[in-house]
Amino acid sequence: MASSANANNMNAVRETMDVLLEISRLLNTGLDMESLSICVRLCEQGINPEALSSVIKELRKASDSLKASDN
């Protein structure tokens, strides 16, 4: 009985992540499944989603700047 409930829970989590990934793709966030999973876990731990978004944007800007300076 417990393994059946666990399997159902895992299927629900997988389905939820698939839906979130599809929404992420529709919004052109550029997040892959691993990055999205990390963001979800951080939000579940109480991280402010807007602050997390700002950090991701800043990291992308810094990364783009480094790539541009290498060229």
Between atom [atom1] of [X] and atom [atom2] of [Y], what is the distance when rounded to the nearest 0.5 Å?
{"X": "Leu52", "Y": "Cys39", "atom1": "CG", "atom2": "SG", "answer": "4.5 Å"}
{"X": "Asn8", "Y": "Met10", "atom1": "CG", "atom2": "CE", "answer": "11.5 Å"}
{"X": "Ile23", "Y": "Asp18", "atom1": "CD1", "atom2": "CG", "answer": "11.0 Å"}
{"X": "Ser3", "Y": "Asn9", "atom1": "OG", "atom2": "CG", "answer": "12.5 Å"}
{"X": "Leu36", "Y": "Arg25", "atom1": "CG", "atom2": "CZ", "answer": "9.5 Å"}

Got a donor-acceptor contact below 3.5 angstrom from the [X] side chain to the [Y] backbone?
{"X": "Ser37", "Y": "Met33", "answer": "yes"}
{"X": "Ser54", "Y": "Glu50", "answer": "yes"}
{"X": "Thr16", "Y": "Ala12", "answer": "yes"}

Under 4.5 Å between side-chain heavy atoms, counting indirect links through other Ile/Leu/Val/Met/Phe/Trp/Tyr residues: same cluster for [X] and [Y] or not?
{"X": "Leu27", "Y": "Val19", "result": "yes"}
{"X": "Ile38", "Y": "Ile47", "result": "yes"}
{"X": "Leu21", "Y": "Met17", "result": "yes"}

Worksheet item: Can Lys61 and Glu58 be said to form a salt bridge (charged side-chain N to carboxylate O under 4.0 Å, His left out), step by step?
Response: CA-CA 5 Å; Lys61 283 181 190 176; Glu58 289 300 317; 3.7 Å; yes
Discussion item. Whether the Asp32 and Ser35 side chains hold a donor-acceptor pair (N or O, under 3.5 Å, no angle test) is what I'd like checked.
Written reply: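 Side-chain D/A pair, Asp32 to Ser35: present.
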Worksheet item: What pair of heavy atoms forms the shortest contact from Arg60 to Leu31, and how long is it?
Response: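 Closest approach of Arg60 to Leu31, heavy atoms only: NH2-CD2, 3.6 Å.
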